[in-house]
A.B. asks: 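Encoded as C-alpha cells, here's the structure I'll be asking about.
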Amino acid sequence: MLEKTYDAAAIEPRIAAEWERAGAFKAGAGAKPDAPSFSVVIPPPNVTGSLHMGHALNNTLQDILVRYHRMKGDAVLWQPGTDHAGIATQMVVERQLMERQQPGRRAMGREKFLETVWKWRDESGGTIIRQLKRLGASCDWSRERFTLGRTESDQMSRAVIKAFVDLHRDGLIYRDKRLVNWDPKLQTAISDLEVQQVEVKGSLWHFRYPIEGEEGRFIVVATTRPETMLGDTAVAVNPEDERYADFVAAHRAGKPVMVRLPLVGRLIPIVADEYPDPEAGSGAVKITPAHDFNDFEVGRRHNLPKINLYDAESNLVLRANPDFLAGLAPTPELEATIAALDGMDRFNARKRVVAMLEERGLIEKIEPYTHTVPHGDRSAVPIEPFLTDQWYVDAKKMAVPALAAVRDGTTQFVPRNWEKTYFDWMENIQPWCISRQLWWGHQIPAWYGPDGKAFVATEAAEAERAAAQHYGKPTALKRDEDVLDTWFSSGLWPFSTLGWPDETPELARYYPTATLVTGFDIIFFWVARMMMMGLHFMGEAPFSEVYIHGIVRDERGAKMSKTKGNVVDPLDLIDEYGADALRFTMASLATPGRDVKPARARIEGYRNFATKLWQASRFCELNECPVGVPFEPETAKETVNRWILTEANRAVAAVEAAIGAFRFDEAAGTAYRFVWNTYCDWYLELIKPTLGGPEGEAKTETRRTAGWVLGEILRLLHPFMPFITEEIWAKLPPASARPLPLLAISPWPDSGFEDRAAAAEINWLIRLVEEVRSVRAETNIPAGAQIPVVVSDASAETRERLARHQAAIARLARVNEVQLAKSAPSGSAQIVIGEAIVSIPLAGLIDLGAERARLAKETDRLTKEIGKLDAKLGNPEFVAKAPEEVVEEQRERREDAALRIDRMQAALARLPSS
RNA sequence: GCGGGCUUAGCUCAGUGGUAGAGCGUUCCCUUGACAUGGGAGAGGUCAGAGGUUCGACCCCUCUAGCCCGCACCA
C-alpha cells in the first residue's frame, strides 16, 4: 500500500540504488536487437565544481532525451565524466596548501605537487558526480572518464598526446613567438576566450614627447598605461593627418623625425601608419610593440624593436634588461629612472612614471577615462600582453571543415540562430594558444635540443631518436615544461571517452554521437573545438544536433554569481521539493532561445503535481486497478474507457513530437495537462460510480483501463520524473508479476488507439457538467445541494448519452434527477448544449438577479461577437479572397452565436419578473 | 561599433495570418471516502508604440522606445 504522502527524500536514494544495482544505465541496456544507437556525451563538469542550477538544467534535459530513447529501445549511451580544469584545479590546491601553511608549489617541486593534486582529486573530485546522481542523471557511470590520465600511458592521455603529435605532423600545431594574453598572477598564458573585458574608470594621460633637434616642440601622445612608455620604440601618426604633414613627409623620405623618449633618453622615430585615428585624441600614438597587440602590428610593419619590460609577474626589469639598455647612453636621467623603477610592479610603476613626468612638466593633461580592460577570468587581474614562445593550433585551417559541417546541415544547431554565432566566431578565428605555464595538465610532448630545436614525439625515446638523427649523434633533450589548455583535451571528448586512439567497439558503435546539449556560453570554448577535432581525427562531425539551452538566472533575471550572492543551490531545492519537482521545473522552463528563471512557486507547483500523481496512484491501488499488465485497448467497450485510451494515445504522440523537436516545455506541459486535467480531474471522477458499483464486466474493464492508463502515464512521465514514477511502478500491484521490473528500461507507450466518437461523447459530457456547475456557482446554488435538471429539444443521441452517463452526471454536477421534456420549463436557468437546452428549475434555489445578470452578460458577449462576425462577412473582399473554409467557419460561428442569443432571450423572458 | 534576443493577464512565460492561452497569484464556494501539496466556479489582456503588406496582423516587413546578452574596440 502506498503511503499517504510521497516522501521524496526517503525514496530517491533507494530508487537510485536500484537502478545502479540493475545496471539500468549501462551502455545499450534494454536495447532492442539491431537498435539504432543514441549516444550523448555529458559536458564534463569541472572537477573542482559542485552542482549549480546550470548543471541541473543541462543534465535534466540530457536525461530526458536519454531516458526517452532508452525506453524507445535504442542502444543508449550517456557518457559521463569530468574535466581536469587545469588552472582552476591548480588554484584550488595551491590555496589549500597556503591555508595549511604548507610549502607552496614551487618549493614542493613538480612531481610532489602533482601527487598532491591527484590526492585532492581522488578525495574531492567525485562531488559533482554524486550530485548528478542525486538529480537522477542516467549516465553509464561505469564508463566515467577524466580528461587527464594518471600516467601518460593511460588511454585518455595517449589520446591527447596522439592528437598533439598528429596535428604537429600535419602542420596544424606550431610554435611561435607572439604576444599572448599573460596572466601575471597565475603566470601563464591564456587564450582569448579566457579574457574578460571589464569596464574600468581610469585616466587618459597626455604626455609631451620632445621633438629631437627642435627645442620646445613636442608631440602629444595619450595613454591609459603610462608605465609602458619605458618600452616605446616609436610614435605613430596617420599619413592623412594634416597636423603632422611634416613628420609624415620626413618618414616617407626615410629620415623620420625623432623623439627623445623622456626618462629613458631613447631616440625613437615618428612613423606614418594607418593605425592612428586622426579623430581620436591628439592623433599621435605611442608605440610599445612588446606590450600591446595593436602596437605589435605597427612595430612589425615598421620593423621596430620590441622591448619587453617585464618579468613573468609583471615587475619591471630594467637594469638587467639588455633589450631595454640597447643603444642608450648612461645618462644621470636614465640612472635615476632605473633606480626609481627597476623591480617595481606595474601598478606602482604607473604612479611613479606619472609623477616623474609631472616633475618634468611633460604632462599636458589628465582626463578621467572609462575604458574596458582585459582581465583574466580566473585571476581577475588585468592581463598583460607579453612576448613569449607558445604553442598554437592553426585554428583557421581546422575551422574550414567545421564550418562546412554546419553549413551543409551535417550538424544542426537548435535553435537554428546559434549557427550565426558559431559562424561569426569560426570565420574570424585566431590562432589558438594552447600552452599553459602550469603543472596540472597534459605536459606538452615536445623535447628541445641544446639549440632550442623542438622534437615532437609521443615519448621521450622517440624524440631522442629523432634528435640523434638530426644532430648526427645522441643528444640530451629537455622536455617542454608547459601543459596544454584543458580545452584541448575536452575537444577530444566525444571520441577519447569511447576509447580513441584505440579502435574499440564503443567507438565504432557510439561515434558520432547524436545530440549535444549545452549552454551557449561554451559554443566557442567547447563545441567549436570538438567540431574541429572530431572532423580532423574521426573524419565525421561529433554530433548531428547541438541543442543550445539558456542560462539559469535568478527570479529577477540576474545572472547567478557568487559575488552577487544570488546563487540558488539545486541540492537545497532537491532536499526541499524532490529531484523530480526540480527536473520538471527545468523541463517546463526550457523554451528555446530563452533564459530560465526558476521561481520557487513554480517548483512548488510541480512538487504538487508529483503529489497529485501519487494520490491518483493510491486511488488506483485502492480500487484494485492493475498496473503494468498486458491489456488490449481495442477490447474496451465502455465509452469513458475508450475515451481515456484515446486521450492517452494523443498525449503520448504529442509528448513524443515535442521531445523530437526539443520542446521540453511543451512535452512537460502536455504530460502535465493530460495527467492532471484529463486523467485525474475527469477520468477518475467519471469512473467513480462504476468502481463504487457492483462487480461486473464494466467494472472489471474500467479497473483494467484505469490501471493500464496509469501505467502509460508512469512511462510517459518517467523521463521527466524518474524517481516517483519508478517508485509507484515498484509498489503498485501486481509489481512482482511484471516481466520488466524497472520502469527505466520498460518500453515507451505506443498504443495507437483512437476512437473519435468516444472522444466526442465524453467531451460533450464534460461540457455539460461544466456548464451546470458554472450556472450553479453563478446563481448561488449551495454547493452541496442536489438539483433536478430538465432537458428539452434533445436529439436521440443526446438522450442516449444522458442515459449512459446518468451516474456520472449525478455525481459530478450534483444532479439528483434528469427529466426529458418537450420544451423548457418557464422560470428556470437555462444552458445551451448543442441542440439541447438544459434547464435548472427554480424551486427556490436560484438567485434570480444573478441569473438575469448571467444571461445579460452572456448575451452581451455574443452580441459583440456577432457584430465582429457581421463586419467580416459583410466585407465582400473577405468573402471573395479568404479561403472557403474560413468563410464557412465564420458563418457557422455567427449562426451558433445567433442561436444562443435567441435561447438566452427566451430564457430571460421566461424568468418571473420580480 | 557589429551581431542576437526580448517587450502578451498582477508575476513568470507559451502561442498561431482567421475565437488570446498556461502556471503562480487573486476573488467566491467546498472538511464529497485518492488528494486542502486538494476540488469547483470566476475576475483579469488596445498582445511596447507608430507606420506598412494583407480581405484580415499579436503573428510578416520598416521605423521608434525600453530592456537584456554575446563579440569587437580608441591610444
Side-chain angles (χ1 to χ4, degrees), chain A residues 2 4-6 192 197 204-206 221-225 228 236 275-277 279-288 292 294-295 369 371-372 415 417-418 420-421 424-425 428 520-521 523-524 550-551 553 555 557-559 577 581 588-589 591 593-602 604-623 663 665-666 669 672-673 677 680-681 684-685 688 692 769-770 773-778 780-784 811-814 865 868-869 871-872 875-883 885-887 889-890 893 897:
Chain A
L2 295 181
K4 175 123 179 148
T5 53
Y6 175 64
D192 299 346
Q197 301 294 337
L204 186 62
W205 287 272
H206 297 253
V221 295
T223 180
T224 55
R225 294 192 299 156
T228 63
Y275 167 60
D277 175 2
E279 307 292 315
S282 66
V285 183
K286 62 190 266 317
I287 300 296
T288 322
D292 182 284
N294 287 311
D295 293 4
Y369 193 69
H371 59 142
T372 53
N417 322 18
W418 290 110
K420 202 164 162 37
T421 305
D424 284 350
W425 190 69
N428 299 303
F520 57 77
D521 45 341
I523 289 180
F524 308 142
I551 296 280
R553 299 174 178 278
E555 293 190 27
K559 209 164 168 173
Y577 301 106
S588 305
L589 295 175
T591 46
R594 235 181 147 113
D595 288 344
V596 172
K597 289 178 245 178
R600 284 192 105 79
R602 195 91 192 228
E604 200 177 306
Y606 293 121
R607 188 271 320 268
N608 297 351
F609 176 61
T611 304
K612 188 74 182 176
L613 174 68
W614 186 258
Q615 294 300 340
S617 303
R618 289 185 73 223
F619 176 85
C620 286
E621 188 179 21
L622 287 166
N623 285 284
R663 290 303 305 263
D665 58 322
E666 279 183 5
Y672 180 98
R673 283 190 298 275
N677 305 119
C680 292
D681 286 352
L684 293 185
E685 295 301 329
K688 276 178 182 173
V769 171
E770 279 176 343
R773 281 175 176 169
S774 185
V775 170
R776 292 180 59 122
E778 286 184 49
N780 302 323
I781 296 174
R811 184 188 168 87
L812 298 180
R814 307 222 144 213
E865 175 154 357
K868 273 200 269 183
L869 290 166
K872 220 176 213 181
N875 180 348
E877 286 199 281
F878 170 71
V879 181
K881 292 187 184 171
E885 62 271 20
V886 172
V887 178
E889 194 191 319
Q890 311 297 316
R893 275 172 51 202

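Below, chains carry the letters A, B, ... as their sequence lines are ordered, and counting in each starts from 1.
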A.B. asks: What does the B/S/- profile of nucleotides 16-31 of chain B look like, 5' to 3', with a 4.0 Å heavy-atom cutoff to protein?
C.D. replies: --BB----S----S--

A.B. asks: Between A:Lys868 and A:Glu865, is there a side-chain N and carboxylate O pair less than 4.0 Å apart?
C.D. replies: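 Salt bridge between A:Lys868 and A:Glu865, a charged N being under 4.0 Å from a carboxylate O: no.
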
A.B. asks: Taking Watson-Crick and G-U wobble pairs with both distances under 3.5 Å, convert RNA chain B into its dot-bracket string, 5' to 3', dots for unpaired and | for cross-strand pairs.
C.D. replies: (((((((..((((....[..)))).(((((.......))))).....(((((..]....))))))))))))....

A.B. asks: Below 4.0 angstrom from OP1 or OP2 of B:A14, is there any side-chain N or O of A:Thr591?
C.D. replies: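 For B:A14, OP1/OP2 do have a side-chain N/O of A:Thr591 under 4.0 Å.
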
A.B. asks: So A:Lys420, base contact, sugar-phosphate only, or nothing? Heavy-atom distance under 4.0 Å.
C.D. replies: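 The residue A:Lys420 makes sugar-phosphate contact but no base contact.
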
A.B. asks: Please classify the nucleic acid contact of A:Cys680 as base, sugar-phosphate, or nothing, using heavy-atom distances under 4.0 Å.
C.D. replies: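 Result for A:Cys680 = base.
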
A.B. asks: How far, in whole Å, is B:A36 from B:U32 if one measures between their C1' atoms?
C.D. replies: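 Each nucleotide's C1' atom is 13 Å from the other's.
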
A.B. asks: Counting the atoms with a prime plus P, OP1 and OP2 as sugar-phosphate, which does A:Arg773 contact under 4.0 Å by heavy atoms, base, sugar-phosphate, or nothing?
C.D. replies: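 Sugar-phosphate, no base atom in range.
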
A.B. asks: Taking B:A20 as the reference, what is the distance to B:C13 when you measure between their C1' atoms (whole Å, please)?
C.D. replies: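 One C1' to the other, the span is 14 Å.
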
A.B. asks: Closest nucleotide of RNA chain B for A:Glu877 versus for A:Leu204: which of these residues is on the 5' side?
C.D. replies: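 Of the two residues, A:Glu877 wins.
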
A.B. asks: Please tell me which of the listed nucleotides, B:C35, B:A14, B:G42, lies nearest to the side chain of A:Glu778?
C.D. replies: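 Output: B:G42.
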
A.B. asks: Go nucleotide by nucleotide along RNA chain B from the 5' end; which of A:Phe520 and A:Thr372 gets its closest nucleotide reached first?
C.D. replies: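 Between the two, 5'-proximity favours A:Phe520.
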
A.B. asks: Using the P atoms only, state how far B:U7 lies from B:G56, rounded to an integer number of Å.
C.D. replies: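 Their P atoms lie roughly 26 Å apart.
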
A.B. asks: Suppose we call two aromatic rings close when their centres sit under 6.0 Å apart. Are A:Tyr606 and A:Tyr672 close by that rule?
C.D. replies: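 Ring centres of A:Tyr672 and A:Tyr606 closer than 6.0 Å.
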
A.B. asks: Measuring only the C1' atom in each nucleotide, how far is B:A72 from B:G1? A whole number of Å is fine.
C.D. replies: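 It works out to 8 Å between them.
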
A.B. asks: Salt bridge or not for A:Lys286 and A:Asp295, using N-O below 4.0 Å?
C.D. replies: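 No.
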
A.B. asks: Measure from CG on A:Asp424 to C1' on B:A72 and round the result to the nearest Å.
C.D. replies: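 For the pair A:Asp424 CG and B:A72 C1', the rounded distance is 11 Å.
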
A.B. asks: Heavy atoms under 4.0 Å, any strand shown: does A:Arg814 hit a base, just sugar-phosphate, or nothing?
C.D. replies: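 Base, at least one base heavy atom under 4.0 Å.
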
A.B. asks: Provide the distance between the two P atoms, one in B:A50 and one in B:A14, to the nearest whole Å.
C.D. replies: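 Going atom to atom, P in each nucleotide, I get 24 Å.
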
A.B. asks: Please determine, for the side chain of A:Gln197, which listed nucleotide (B:A75, B:C73, B:C35) has the closest atom?
C.D. replies: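 The closest nucleotide is B:C73.
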
